[in-house]
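To keep things clear, I will list the structure first and then write my remarks on it.
Computed over heavy atoms, backbone and side chain alike; hydrogens, waters and symmetry mates excluded. Here the structure is a predicted model, which means the values were calculated and not measured.
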Amino acid sequence: MSRPSSSFPPLHQIRHLESARLEDLSLLIQSFPVIDNHAHNLLHEDHAYGSSDFPFESITSEAQGTALTEHVHSSLSHIRAMKQLAQLYDCSESIQNIKAARYEWVRRDYFGLIKTCLEGTYAIMMDDGLNKEVVYPYRWHRQLVPRVSRIVRVEAIAAEVLEQLVLVAGLLRPGTDADWDRDTTEAFFIRFNGEFRNQIRALSNNANVRGFKSVICYRTGLKVGLESRKALRPQQSLTGSGLLTAFHEFLQQAVRNNNYRIEKKAFNDYLVVAVCDVLEQRARTDGETTPFQFHTGLGDSDIDLVTANPAYMQPLIEAFPNVNFVLLHSAYPYTREAGYLASTYQNAWLDIGEVFPMLSRDGQESVLKQALELTPTSKILWSTDGHFYPETYWLANRQFRDVLEKNLHAGVIAGDYTVPQALNIAVDIMFWNSNSLYKLGEEERCSHLMTACGRGSPEASMRTLVNRSSDAGSLNTMLHSTDPTPSQSNSNPPRPAPAVTSPAPSTTSGSSNPLPDTRLSDTELLDIFIADNLSMKYVWLHLLDYTGTQRQRMVPVAQFRKQLTNGTYIGVTKGLMRLLQNELMADGGSATGEFLIKPDLSTLSLNKGLDSPSATVHTWWLEDGLGTHFGGCPRWALKRQVDLLESEYSISMLMGCEIEIVFLRPQLNNLTNAYTDFLPLHTLHSWSNMTYQQLDILPMIEEIVETLAEIDIRVPQFHSEAAPGQWEFPLPATDPLQAMDMLYKARDVIRNVARKHGLKATLYPRLYDYSCGSACHTHFSISGPNHSVRRYSDSFLAGVLEHLPSVMALTLPLEESYDRVKPGIWAGGEYVAWGSQNREVPLRKCGDGHWELKAVDGIGNMYFGMAALLASGLDGLRQGKQLRLGDCLEDPNKMSEAQRRQLGINRKLPKGLSEALRALEGDEILVESLGREFVQDYIAVKRKEMEMLDAMGEEKRRLWLIERY
């Protein structure tokens, strides 16, 4: 299935607000970005296909079980949603065809589906209280949306604190019943009260957190008692209070059942009041307010519909006048009651989410009309309540825009308000009201949006229905270039422009009015990271040289922040371009000149598996004094090819690597402190099998997988490979630059955890001649609009096959690498060929537009290797190359010459590095694509390296390489 092209329209511009027409109102509503003030995490790809646990039908209904599966198909909301999803998937409207088309899109490009569904979303306030085992963490979503902040669920925090304190207090004793007196409970509660409030205070000061949420509506209802305020006065005993009685009963049951879900009315009421106390005090002392969201109304069968009425919250709202209460989900069917509270109390706000897409069109129009009956439009907030499936975001935003447009049109036609007033209402509900309430400060960044909605030039003061006279300040400080190179037109120090968790995006755009680049500065991103990782003291700046050696510059975090603030970057000698692993210089190398390394904050992650309070960040390389890209930058070489494919052919690439690695036992000579050998971990070993000896290292293998997950690298599977001590860790597919960044982060984790266990993890290409070697097989696939896979896949593959001998100079960069790809060991063989699910050819076709490169191992610089691969495919597209090689379904080495000739298989791959380097040297297309100077430097380095290694004895050479790779 081809991926549909973006259907989201370019941002409409209102040049003169007072002369705007109804057409302008329609165009702006359909194109203005939204701040989604309440939504949830998306399912991890493993769970995204639909299951009984997460039925796809739930996107339009809160029903469960047979009430959902047997009846939802006849609801108007579901019927309408299926018609719209059929347009998204370009298929017929039956649920079976929609699910089939959706399955194929998820399988091929889940990231692309999410990206499409989130088009037009500028920011998400994300309640991340869903099951963390099945959804992506909130930070992951930042690669798709310019801003994602966290909404903290207070009941989840309370449950975590309780469980921790139970262990600390020794209340959980194996083999004993949970039974203690009330004095013990009272002492425990006092400790819990202090710890819980401290957690809320700390979170309210966390830059990632923009609000709190309570689900008390689900647990015990919205009639929140305020008695705990009196019970918790200083020097007052809790003995005899209803709160202590309830807590005593709850805690004993929780410990007994090991279930800390809080569902005891007096205790649930206390939690809400305690959070309000903290937020009220913070507002009074610091002048800082943090919104408190409440689920109201619409929900599943767990809710008592009567006590889900927000009218019950009136005493709570009155009691805490400095706490901003957000009444979620349109409070349906109590929208009017919620609107009354929002109109009467300055600290109450009405969210109009979830009814999109849960209600029919008429129902949605009715809810919006009810919200507008009484509620000031400056108190209305938009949200999708998107959760689990990205389509929930897509449907909600699409339907909301349509209903908002229709309702505001009707008001203008009736003469209730003018077009300019309707425009202000629209953009305030969609964007500016949430921006104000959650203190996002986007009015200081979004000059493009300010101008588009007719609120004056970037230099003019901001006028909104929420804030009629606030000064917009300097709106020109936000970079609009997405290029990782600092701007040279500004006389001030250059300000970096990273994304939050994604590489610098393409410098090209298909729209004349793109969504403004309003992402956080590097300093702001660092501060957010530090707030979540207070123990971090050092930052390692990562460089990967031409031998595949990872090099670092280590900087104390305070100095690192200072460098970011001043825009001053560390200089590195250009001698690195011809430097060997042992710091010998290849011929032609020079110690003159340097380049700058600019950290890419989107890649910042903690160093895991090490006893070090540090983090690592990948870097862009810049020309000193110019600020332009340095031609030898590995990450830029890859990004450039990705951007060219996108700009010239609208092709998006996905890549994913398989890490194959062997664990060895180092033998150290204590007198010389030198390694004398690296011995096999065990001998009883086989592929995808847990032998008796392999079970011994299973705890370490699982520790590796768990540690990878801590930095959001979630392997879809892992298994033993064929060689002794050999394991494979496939990585998830993503954008090529992110995929390579992920590869090196993952390798570091594997290396570090293995070292903790006294083992050496090596990428050495082939340790044992009786078994397979270790590769870094790389999957890559193309996708794009207008049947791109069908149109372009053959030419792309033809280009890769044409240049494959040259590419191998980068992907198989040692003589030892060619021992691994000998025929007969499922490593790619020795002919230029491709085949469907054939592991004896260098390019295995896994599906339409999806291939696996087998002629690659883990030794070289993968950024350059993959840049060469993409440049080869791009050449095939530009030349319109025809795929003349047939689909090879056998081992070419076992075929007769006539059989090979029939498939067009007549070229052999290089048998060694020297031959591959000559191929690269004579390949003008790749030389020009990668940069002539880089190719010259690379070849010089590899030939000097070969000379150095050839001078070693066979055993010394083997040890030398294992030590380093």
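In this pair, Tyr863 and Tyr744 present their aromatic rings parallel. The plane angle is below 30°, not in the 30 to 60° band. Aromatic ring orientation, Phe663 versus Phe729: perpendicular (interplanar angle above 60°, classes split at 30° and 60°). In this pair, Trp620 and Trp636 present their aromatic rings perpendicular. The plane angle is above 60°, beyond the 30 to 60° band.
In summary, the aromatic rings of Tyr649 and Tyr792 are positioned with their centroids under 6.0 Å apart. Side-chain rings of Tyr764 and Phe678 stay apart, their centers remaining 6.0 Å or farther from each other.
Note: Leu883 CG to Ser795 OG = 8.5 Å, rounded to the nearest 0.5 Å. The CD atom of Glu852 lies 9.0 Å from the CG atom of Leu843; values are rounded to the nearest 0.5 Å. Rounded to the nearest 0.5 angstrom, Lys845 NZ and Asn838 CG are separated by 13.0 Å. With rounding to the nearest 0.5 Å, the separation of CZ in Arg918 from OG in Ser806 is 12.0 Å. Note that the OG1 atom of Thr547 and the NZ atom of Lys944 stand 14.5 Å from one another [nearest 0.5 Å]. Note that OG of Ser817 and CE of Met808 are 9.0 Å apart. Values are rounded to the nearest 0.5 Å.
A distance-only check finds no donor-acceptor pair linking the side chain of Arg751 to the backbone of Thr762 [under 3.5 Å]. Judged by distance alone, with hydrogens and angles left aside, the side-chain atoms of Arg766 form a donor-acceptor pair with the main-chain N or O of Asp819 at under 3.5 Å. Side-chain N or O atoms of Tyr938 include one that pairs as donor or acceptor with a backbone N or O of Ala809 at under 3.5 Å. Of the possible polar contacts, one joining the Lys745 side chain to the Thr603 backbone as a donor-acceptor pair under 3.5 Å is found. Looking at Ser774, its side chain never comes within 3.5 Å of a backbone N or O of Pro765 through a donor-acceptor pair. Between the Asp600 side chain and the His618 main chain, no donor and acceptor come within less than 3.5 Å of each other. Listed for the Thr811 side chain is a donor-acceptor partner under 3.5 Å among the backbone atoms of Ala855. The main-chain N or O of Tyr831 is never found under 3.5 Å from a side-chain atom of Arg907 such that the two would form a donor-acceptor pair. Side-chain atoms of Asn752 come within 3.5 Å of backbone N or O of Asp748 as a donor-acceptor pair. Side-chain atoms of Arg578 come within 3.5 Å of backbone atoms of Asp587 as a donor-acceptor pair (strictly under, hydrogens ignored).
Taking a 6.0 Å sphere around CD of Glu955, one finds it holds more than 12 heavy atoms contributed by other residues, nucleotides or ligands. Surrounding CD of Glu897 are at most 12 heavy atoms belonging to other residues, nucleotides or ligands under 6.0 Å away. The environment of CD in Glu928 is crowded: more than 12 heavy-atom neighbours from other residues, nucleotides or ligands sit within 6.0 Å. Crowding of Glu933 atom CD: a count of heavy atoms from other residues, nucleotides or ligands under 6.0 Å not exceeding 12.
Remark: the Asp887 side chain and the Ser836 side chain contain an N/O donor-acceptor pair separated by less than 3.5 Å. Side chains of Gln899 and Glu890: no donor on one and acceptor on the other come within 3.5 Å.
Minimum heavy-atom separation, Lys908 to Lys911: NZ-NZ, 4.1 Å. Considering all non-hydrogen atoms of both residues, Ser783 and Ser788 come closest at C-CB, 4.3 Å. The minimum heavy-atom distance between Ile782 and Val789, with the atom names listed, is O-CG2, 3.4 Å. Minimum heavy-atom separation, Pro680 to Leu664: CA-CD2, 4.2 Å.
Here the options are Val841, Val800, Leu885, Asn906, the test is side-chain contact (heavy atoms from CB on, under 4.5 Å), and the partner is Val832; only Leu885 passes.
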Could you go step by step and tell me if Leu763 and Asp857 meet the side-chain contact (heavy atoms from CB on, under 4.5 Å) rule?
CA-CA 8 Å; Leu763 302 164; Asp857 63 28; over 6 Å; no
Residues His779, Glu658; criterion side-chain hydrogen bond (donor to acceptor under 3.5 Å, both in side chains); working and verdict:
CA-CA 8 Å; His779 289 253; Glu658 300 173 354; 2.9 Å; yes
Salt bridge (Lys or Arg N to Asp or Glu O under 4.0 Å) between Arg714 and Glu45, worked out
CA-CA 10 Å; Arg714 302 177 188 276; Glu45 184 173 352; over 6 Å; no
Are Trp621 and Leu543 close enough, and set up right, to give a side-chain contact (heavy atoms from CB on, under 4.5 Å), and what steps lead you there?
CA-CA 9 Å; Trp621 299 1; Leu543 303 94; 4.0 Å; yes
Kindly determine whether Gln738 and Gln143 satisfy side-chain hydrogen bond (donor to acceptor under 3.5 Å, both in side chains), including the steps that lead there.
CA-CA 10 Å; Gln738 288 179 286; Gln143 61 192 307; 2.9 Å; yes
Salt bridge (Lys or Arg N to Asp or Glu O under 4.0 Å) between Lys942 and Glu945: does it pass, once the steps are laid out?
CA-CA 5 Å; Lys942 299 311 293 183; Glu945 179 189 73; 2.6 Å; yes
Start with the C-alpha gap between Arg884 and Lys881, add the side-chain angles, then the distance that decides, and say whether side-chain contact (heavy atoms from CB on, under 4.5 Å) holds.
CA-CA 9 Å; Arg884 302 190 184 280; Lys881 291 183 184 294; over 6 Å; no
Decide yes or no on salt bridge (Lys or Arg N to Asp or Glu O under 4.0 Å) for Glu924 and Arg932, but give the supporting numbers first.
CA-CA 9 Å; Glu924 277 300 310; Arg932 190 169 301 277; 2.8 Å; yes
I would like to know whether Asp545 and Asn861 meet side-chain contact (heavy atoms from CB on, under 4.5 Å); could you show each step before the answer?
CA-CA 7 Å; Asp545 72 14; Asn861 187 312; over 6 Å; no
Go through the steps for Asp109 and Lys115 under the test salt bridge (Lys or Arg N to Asp or Glu O under 4.0 Å), then give the verdict.
CA-CA 10 Å; Asp109 187 9; Lys115 187 176 180 180; over 6 Å; no
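The closest side-chain heavy-atom distance from Leu870 to Met653 is below 4.5 Å. Looking at heavy atoms from C-beta onward, Glu816 lies in side-chain contact with Arg957 at the 4.5 angstrom threshold. Between Met866 and Leu869 there is a side-chain heavy-atom pair separated by less than 4.5 Å. Side-chain contact between Arg755 and Lys760 is absent, with no heavy-atom pair separated by less than 4.5 Å. Between Met742 and Thr734 the shortest side-chain heavy-atom distance falls below 4.5 Å. Leu743 places a side-chain heavy atom less than 4.5 Å from the side chain of Cys776. With a 4.5 Å cut-off on side-chain heavy atoms, Arg635 and Met740 do not count as touching. In this structure, Asp735 and Phe111 have side chains that are not in contact, with every pair of non-hydrogen atoms separated by 4.5 Å or more.
For the pair Arg958 and Trp960, the cation-pi test (distance below 6.0 Å, angle within 45°) is failed. With Trp834 as the aromatic partner, Arg844 does not meet the cation-pi criteria of under 6.0 angstrom to the ring centre and within 45 degrees of the ring axis.
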